[in-house]
There are 2 protein chains.
Amino acid sequence: MKTINLNSESLHTAASMLKVLGHPIRISIIELLDDTNKMSVTEIFKALKIEQAIASHHLNTLKNKRILMSERVGKNTYYSVSDPNLISAVNSVRSYK
Amino acid sequence: MKTINLNSESLHTAASMLKVLGHPIRISIIELLDDTNKMSVTEIFKALKIEQAIASHHLNTLKNKRILMSERVGKNTYYSVSDPNLISAVNSVRSYK
DNA sequence: AGTATAAATTATAATAAGTTAATATTGTAG
DNA sequence: CTACAATATTAACTTATTATAATTTATACT
């Protein structure tokens, strides 16, 4: 009988990435960035109509999981999606009601 | 400027599906079922070497989100993945270390 | 009926995540 | 070097998840 090792690191990585993607604000951030490629924190929190600190917090958790990359240009920090596969993960689940 | 509505129902549905997929046991269940198509609770908890109650609990949360379907045959309940898109969502994220 | 097997449910405790508000840091312009 | 704008961090609090153990329900078999 086939058995599975639940302790593999890649399994935990995949799980934590999906879990982090599973939040409405974070999905919306991914979708904004899919459209526009790069956005600053200010652009993002205004587009989502949320507090700056909340945007920053979610951007940071996405960055910690290597879902987003960031680049500082002067006063601004621009975020972008690190890998198009992550957009696919979101899209796979986007058609449900 | 483009703004996003965070309250849309489909956004919350997508988020909760990804969130539910984001757990090592639940990913492993999906992958087992991807291979074998249908498995009973007993087959699943033995393959994963976890408690029966834990398997049942995770199977139920996957079923509540309509990620799995179940069918009772005599004493056994067989679970299967309801939609191949959900396998893609997992696979999109499965290559990271 | 009585017993064994399969699965589900419930309650609880531990851990993790999310929100909010306030404060701190960093960079640029004047 | 001061002030402002942009972002990040921290701390306190609230809520959600998870694992575990114990119990319960359902079906089958003798």
Side-chain angles (χ1 to χ4, degrees), chain A residues 1 4-7 11-30 32-33 36 38-80, chain B residues 1 6-7 11-30 32-33 36 38-80:
Chain A
M1 187 192 76
I4 301 281
N5 174 19
L6 286 178
N7 297 319
L11 178 60
H12 282 262
T13 303
S16 73
M17 288 180 111
L18 287 173
K19 188 173 182 179
V20 158
L21 291 175
H23 188 288
I25 289 178
R26 295 191 291 255
I27 289 181
S28 298
I29 289 171
I30 304 282
L32 277 172
L33 293 172
T36 61
K38 259 183 202 330
M39 287 175 83
S40 71
V41 178
T42 302
E43 291 170 328
I44 291 168
F45 86 73
K46 288 187 173 163
L48 300 182
K49 307 196 242 358
I50 57 177
E51 295 290 312
Q52 177 273 321
I54 292 182
S56 182
H57 177 251
H58 287 292
L59 288 165
N60 188 51
T61 84
L62 287 163
K63 191 183 170 188
N64 284 339
K65 297 296 177 195
R66 298 170 9 238
I67 291 168
L68 299 184
M69 300 166 43
S70 71
E71 181 194 3
R72 181 146 204 165
V73 180
K75 280 192 286 198
N76 298 322
T77 304
Y78 291 93
Y79 284 86
S80 53
Chain B
M1 186 194 73
L6 285 178
N7 297 320
L11 177 60
H12 282 261
T13 302
S16 72
M17 289 183 110
L18 287 171
K19 188 174 182 181
V20 158
L21 291 175
H23 187 287
I25 289 179
R26 294 192 290 256
I27 288 180
S28 299
I29 289 172
I30 304 282
L32 276 173
L33 293 172
T36 60
K38 257 184 203 329
M39 286 175 84
S40 70
V41 178
T42 302
E43 290 171 330
I44 291 167
F45 87 74
K46 288 187 173 162
L48 300 181
K49 306 198 246 351
I50 58 178
E51 295 289 312
Q52 178 272 321
I54 293 181
S56 180
H57 178 251
H58 287 293
L59 288 165
N60 188 50
T61 85
L62 287 164
K63 192 184 169 188
N64 284 339
K65 296 297 176 198
R66 302 177 357 241
I67 291 168
L68 299 185
M69 298 166 43
S70 72
E71 179 195 3
R72 182 145 202 165
V73 180
K75 280 194 287 199
N76 298 322
T77 304
Y78 291 93
Y79 284 86
S80 54

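Below, read A as the first sequence line, B as the second, and so on, with proteins coming before strands; counting in each chain starts at 1.
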Donor-acceptor contact present, side-chain B:R72 to main-chain B:G74, <3.5 Å: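 At least one qualifying donor-acceptor pair exists.
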Exam field: side chain A:S56 to backbone A:Q52, donor-acceptor pair closer than 3.5 Å: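 Absent.
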Using whole Å, report how far [atom1] of [X] lies from [atom2] of [N].
X: A:K75; N: C:dA29; atom1: NZ; atom2: P; result: 7 Å
X: B:N60; N: D:dT18; atom1: CG; atom2: P; result: 13 Å
X: B:R26; N: D:dA19; atom1: CZ; atom2: C1'; result: 12 Å
X: B:R72; N: D:dT25; atom1: CZ; atom2: C1'; result: 9 Å
X: B:K19; N: D:dT15; atom1: NZ; atom2: P; result: 14 Å
X: B:F45; N: D:dT20; atom1: CZ; atom2: C1'; result: 15 Å
X: A:N64; N: C:dA17; atom1: CG; atom2: C1'; result: 13 Å
X: B:I50; N: D:dT20; atom1: CD1; atom2: P; result: 10 Å

Mark yes or no for a side-chain to base donor-acceptor pair under 3.5 Å between B:Q52 and C:dA8, with no hydrogen or angle criteria applied.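 Present.
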Sugar-phosphate only, base, or nothing, as touched by [X] at under 4.0 Å among non-hydrogen atoms:
X: B:Y79; value: sugar-phosphate
X: A:A53; value: base
X: B:Y78; value: nothing
X: B:S40; value: sugar-phosphate

Closest listed nucleotide, where the reference is the side chain of [X] and the choices are [options]:
X: B:H23; options: D:dT18, C:dT26, D:dA28; result: D:dT18
X: B:N76; options: C:dG27, C:dA6, D:dA19; result: C:dA6
X: A:H57; options: C:dT19, C:dA8, D:dA6; result: C:dT19
X: B:I54; options: C:dA6, C:dA21, D:dA19; result: D:dA19
X: A:T77; options: D:dA8, D:dA28, D:dT18; result: D:dA8
X: B:S56; options: D:dT17, C:dA8, D:dT9; result: C:dA8

For the residue pair A:V41 and A:Y79, what are the closest heavy atoms and their distance?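 Answer, listing the atom of A:V41 first, then A:Y79: CG2-CE1, 3.6 Å.
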Which heavy atom of A:L11 sits nearest to which heavy atom of B:S28, and what is that distance?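 Minimum heavy-atom separation between A:L11 and B:S28: CD2-OG, 3.4 Å.
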Here's a test for you: under side chain to side chain contact (heavy atoms under 4.5 Å, CB included), which of A:L6, A:I4, A:L18 qualifies with B:I27?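 Filter result, single survivor: A:L18.
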With nearest nucleotides of DNA chain C determined for A:E51 and A:G22 from heavy-atom distances, which residue corresponds to the more 5′ nucleotide?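 Result: A:G22.
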